[in-house]
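What follows is a single structure, written as structure tokens, with notes after it.
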Amino acid sequence: MDILDLQAAIFAHQNQLKKALEGYQLSFHIENLLMSGLVYENSKIISQIRARNRTEKCLLIYDRLYKRENRAEYLEEAFQLAEKTKSGILKRHLSNNKKASAKEKQLLQEFQNANNSILKEQQKGNLANISVINSAIKKQNELMLSLKRIQSQNQNSIAENFDFKAFSSKLEKEKAIMIYYFMGAEYLYYFTIQNNQISLNHFDVTDNANSRILKFIDYFRTPDAITNDIVGYNYYGKSAYELLKLPSNQNCKNLIIVPDGILNFLPFEALITKESNTTNFAKMHYLLNDFKIAYNTSANIYLNSKPVQKSEKTVLGVFPVFEKTAFELTYSKKELESIRSNFKGKYLENADATFANFKNNASNYAILHLSTHASSGDIETPASIKFYDQEIFYSELYNLHINPDLVVLSACETGIGKLYKAEGAMSVARGFQFAGAQNLLFSLWKVNDFTTSVFMEDFYKNVNHNVSYFEANNKAKLDYLNNKSISNVKKSPYYWSSFVYYGSVSNEEESSNYIYYIVSLLILIGLFLIFNRNRKWKIFTNTSKKRNTKK
């Protein structure tokens with residue numbers, strides 16, 4: 001691969017761009033063969049990072065070719081290439097879960113369990129039992145060899161290319177624009193896909209661009225950072241908005257963002273589209289006012305995402321509350337009552353909110369709502385979420401195998417975790433995605449107990465009025481800003497922009513209901529016409545009989 005990459009770099013330097021691409025494509029082919037033989041997640045991540053660095057060089061070549069020949073297919077090929085390294089491990093995992101045999105699934109589950117045992121023991125530090133770790137490693141090695149034997153006979157992998165035409169049609173049908181970011185070592189690339197057209201641009205991130213983005217993100221580290229510097233927030237919010245080249249609001253109100261790198265932690269809704277001198281947070285010019293925003297992990301996941309399936313919105317609620325402890329969530333009770341009064345379901349409270357109870361009931365409900373504590377972890381500790389009886393690492397969620405309409409993670413930092421180039425943040429939310437959840441609502445920083453309960457009340461009120469999850473999130477934020485009972489300080493973007501929605505934009509339930517109503521109406525019209533025709537026929541027959549009798 002190194003030889004092929006060097007040869008490709010020489011061709012690129014000699015302006016033989018197509019030959020350079022051929023060289024890189026051979027390297028990608030070898031990389032894919034190597035990737036198919038890997039079992040450990042970290043090994044896959046390392047392989048994907050190599051492919052990612054090569055992809056950045058190819059994007060520059062495609063951009064040069066497009067400018068030289070003005071052929072749109074170069075942009076589409078560049079997009080396809082960027083997509084291959086976007087959350088590739090997640091995509092492979094989901095694809096393999098669909099195609100894998102029962103034996104392979106069992107081995108994968110055992111392999112993941114062994115990995116979780118190692119992680120759990122390592123967190124004990126000096127108290128860790130080395131023999132337990134060694135035993136789990138030995139078990140993993142045995143399972144790895146068994147998995148390799150099975151996978152060598154029947155290699156499962158995601159398709160090389162996804163259907164770009166179907167992807168563009170879906171965007172058009174949903175009246176949406178997609179902004180797709182690719183964070184490289186030198187440049188931030190961004191594709192804009194709209195009206196069956198694609199564009200590619202980039203800007204240098206080695207100067208002060210990254211610092212401007214990070215400065216904006218820094219405003220969300222503490223509750224008072226924005227209120228203590230409203231002028232600065234306005235300035236950096238506008239600066240980041242201009243830097244990220246977001247579209248102006250035209251006829252399209254739906255904006256789908258595929259973030260990358262540090263952009264995974266940026267609340268796009270809170271960007272400032274127009275600077276102002278106001279200190280009234282409700283009157284500031286946010287991107288939220290221009291677009292309804294949804295996020296997606298990749299274009300492929302967006303294309304293959306299914307709208308809501310279950311006809312009845314039942315809720316499995318997990319509310320540990322942690323009463324009379326240092327971890328007590330006082331307003332979690334208010335959140336519980338608000339949801340329970342509007343939605344049927346099962347609500348696990350206090351000591352009933354165990355991981356085992358959640359796991360045993362998760363497949364039976366449309367919405368999974370977890371109101372609890374969570375942590376983003378650090379370099380050594382994985383992201384985790386608390387149940388009443390135990391703390392669960394994000395990787396322990398992989399084996400849940402769920403398919404809910406929506407997962408709501410009403411907890412701190414559920415979208416934050418160790419950030420890997422190309423793969424994204426290994427967060428609690430990502431754990432639920434590995435488990436099979438497609439639509440998720442989760443947080444990007446430490447959330448306030450009170451304001452979260454207010455936001456959730458508005459969100460579920462919208463859902464109860466048959467508003468799609470995508471729109472319900474957007475409307476709940478606007479409702480929050482317009483709520484006169486909330487003080488100006490609590491209307492800071494810190495409080496309302498933490499929760500982001502990843503998932504489907506369309507609402508199948510609405511469209512299916514719409515079709516149902518049309519079909520029902522047509523049946524009624526048909527029955528009326530048949531009844532009316534029969535009635536007229538009877539009247540005609542009776543009249544004829546009377547006439548014959550008179551005669």
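Just so you know, residue 1 is the first one in the sequence shown, and it goes up from there.
- Tyr241 OH to Leu287 CG: the interatomic distance, rounded to the nearest 0.5 Å, is 6.5 Å.
- Side-chain N or O atoms of Asn462 include none that pairs as donor or acceptor with a backbone N or O of Asn473 at under 3.5 Å.
- Under the 3.5 Å distance criterion, the side-chain polar atoms of His373 are matched with a main-chain donor or acceptor of Phe327.
- Between the CZ atom of Arg340 and the NZ atom of Lys333 there is a distance of 12.0 Å, given to the nearest 0.5 Å.
- Looking only at distances, no side-chain donor or acceptor of Glu328 sits under 3.5 Å from a matching main-chain atom of Glu323.
- Panel note: side chain Asn439, backbone Ser504; a donor-acceptor pair is recorded below 3.5 Å.
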Could you please spell out the steps behind the side-chain contact (heavy atoms from CB on, under 4.5 Å) verdict for Ile385 and Thr372? CA-CA 8 Å; Ile385 186 165; Thr372 181; 3.6 Å; yes
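- Between Glu335 and Thr452 there is a side-chain heavy-atom pair separated by less than 4.5 Å.
- Two rings, from Phe442 and Tyr502, have their centers less than 6.0 Å apart.
- Between His369 and Val318, every side-chain heavy-atom pair lies at or beyond the 4.5 Å cut-off.
- A donor-acceptor distance shorter than 3.5 angstrom exists from the side chain of Asn342 to the backbone of Ser338, with no hydrogens or angles considered.
- Using a distance-only test at 3.5 Å, with no hydrogens or angles considered, no donor-acceptor pair links the side chain of Thr381 to the main chain of Asp378.
- Note that the CG atom of Asn234 and the CG atom of Asn277 stand 8.0 Å from one another [nearest 0.5 Å].
- A distance of 6.0 Å or more separates the ring centres of Tyr501 and Tyr469.
- Side chains of Pro382 and Met426 form no contact here, defined as non-hydrogen atoms less than 4.5 Å apart.
- Within 6.0 Å of the NZ atom in Lys334, the count of heavy atoms belonging to other residues, nucleotides or ligands exceeds 12.
- No more than 12 heavy-atom neighbours from other residues, nucleotides or ligands sit within 6.0 angstrom of NZ on Lys475.
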For the pair Glu349 and Val321, evaluate side-chain contact (heavy atoms from CB on, under 4.5 Å) and give the outcome as yes or no after the intermediate values. CA-CA 7 Å; Glu349 302 175 56; Val321 182; 5.8 Å; no
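- In this structure, the side chain of Ser239 does not engage the main chain of Tyr235 through any donor-acceptor pair within 3.5 Å.
- Using a 4.5 Å heavy-atom threshold, the side chains of Asn289 and Leu478 count as touching.
- No donor-acceptor distance shorter than 3.5 angstrom exists from the side chain of Tyr480 to the backbone of Asp458, with no hydrogens or angles considered.
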side-chain hydrogen bond (donor to acceptor under 3.5 Å, both in side chains), that's the test. Do Asn483 and Ser485 meet it? Break it down for me. CA-CA 6 Å; Asn483 190 332; Ser485 67; 2.5 Å; yes
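- Between the side chain of Gln197 and the backbone N or O of Gln194, no donor-acceptor pair lies under 3.5 Å.
- Note on Lys238 versus Glu242: salt bridge recorded, some NZ/NE/NH1/NH2 to OD/OE distance being below 4.0 Å.
- Geometric assessment of Lys313 against the ring of Phe343 yields a negative cation-pi assignment under the 6.0 Å and 45° thresholds.
- Here the OH-CD1 distance, from Tyr494 to Ile226, works out to 9.0 Å after rounding to the nearest 0.5 Å.
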I'd like to know whether Tyr302 forms a side-chain hydrogen bond (donor to acceptor under 3.5 Å, both in side chains) with Glu174, so could you lay out the CA-CA distance, the side-chain angles of the two residues, the decisive distance to 0.1 Å, and finally the verdict. CA-CA 12 Å; Tyr302 163 75; Glu174 295 180 342; 2.7 Å; yes
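- A cation-pi arrangement is absent between Lys283 and Phe281 under the rule of less than 6.0 angstrom and at most 45 degrees off the ring axis.
- Contact annotation: the side chain of Tyr189 never approaches that of Asn201 to less than 4.5 Å [non-hydrogen atoms, C-beta and beyond].
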Could you give me the CA-CA distance, side-chain angles and deciding distance for Glu186 and Val205, then say whether side-chain contact (heavy atoms from CB on, under 4.5 Å) is met? CA-CA 6 Å; Glu186 296 180 46; Val205 289; 5.7 Å; no
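- Ring centers of Tyr331 and Phe450: under 6.0 Å apart, within the cut-off.
- Inter-residue side-chain proximity for Pro493 and Phe220 is flagged as met; some heavy-atom pair is nearer than 4.5 Å.
- Aromatic ring centres of Phe455 and Phe499 lie closer together than 6.0 Å.
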Kindly indicate, with the supporting measurements, whether the criterion ring-ring contact (aromatic ring centres under 6.0 Å, His included) is fulfilled by Tyr233 and Phe216. CA-CA 7 Å; Tyr233 177 80; Phe216 178 71; 5.5 Å; yes
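- Ion pairing of Glu423 with Lys44 is absent here, as no side-chain N (NZ or NE/NH1/NH2) approaches a carboxylate O to less than 4.0 Å.
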Criterion side-chain hydrogen bond (donor to acceptor under 3.5 Å, both in side chains) on Tyr219 and Asp229, from CA distance to verdict: CA-CA 9 Å; Tyr219 278 102; Asp229 185 18; 2.8 Å; yes
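- Atom CD1 of residue Ile179 and atom CG of residue Leu255 lie 6.0 Å apart, to the nearest 0.5 angstrom.
- With contacts defined as side-chain heavy-atom distances shorter than 4.5 Å, the pair Phe358/Leu368 qualifies.
- Phe319 and Tyr347 have tilted rings, their planes meeting at an angle from 30° to 60° on a 0 to 90° scale.
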The test is side-chain contact (heavy atoms from CB on, under 4.5 Å); show your working for Asn403 and Ser363 and say whether it passes. CA-CA 7 Å; Asn403 185 29; Ser363 61; over 6 Å; no
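- Side-chain contact between Phe291 and Glu269: absent, with no pair of heavy atoms (C-beta onward) separated by less than 4.5 Å.
- The ring of Phe355 has its center closer than 6.0 angstrom to the ring center of Phe387.
- No cation-pi contact links Lys245 to Phe203, judged by a cut-off of 6.0 Å to the six-membered ring centre and 45° from its axis.
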Check the pair His202 / Phe182 against ring-ring contact (aromatic ring centres under 6.0 Å, His included), numbers first and verdict last. CA-CA 9 Å; His202 64 271; Phe182 182 100; over 10 Å; no
Is there a ring-ring contact (aromatic ring centres under 6.0 Å, His included) between Phe167 and Phe79 once you walk through the steps? CA-CA 12 Å; Phe167 164 69; Phe79 183 78; 5.6 Å; yes
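- For the pairing with Lys91, the side chain to side chain contact (heavy atoms under 4.5 Å, CB included) check across Asn96, Ile301, Thr297 returns one residue only, Ile301.
- For an aromatic pair to be called close, the ring centres must be under 6.0 Å apart, and Trp496 with Tyr286 satisfies this.
- Ion pair Glu83/Lys86 not flagged as a salt bridge, since none of the NZ, NE, NH1 or NH2 atoms sits closer than 4.0 Å to an Asp/Glu carboxylate oxygen.
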Quick one: do Lys170 and Ser305 satisfy side-chain hydrogen bond (donor to acceptor under 3.5 Å, both in side chains)? Show the steps, please. CA-CA 11 Å; Lys170 184 172 182 178; Ser305 65; 3.3 Å; yes
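- Residues satisfying the ring pair (Phe, Tyr, Trp, His ring centres under 6.0 Å) test with Phe434, not counting sequence neighbours, are His93, Tyr398.
- Ionic pairing of Arg221 and Asp218 is present here: one or more N-O contacts between side-chain nitrogen and carboxylate oxygen are shorter than 4.0 angstrom.
- Rounding to the nearest 0.5 angstrom, the gap separating the CD atom in Glu471 from the CZ atom in Phe459 is 11.5 Å.
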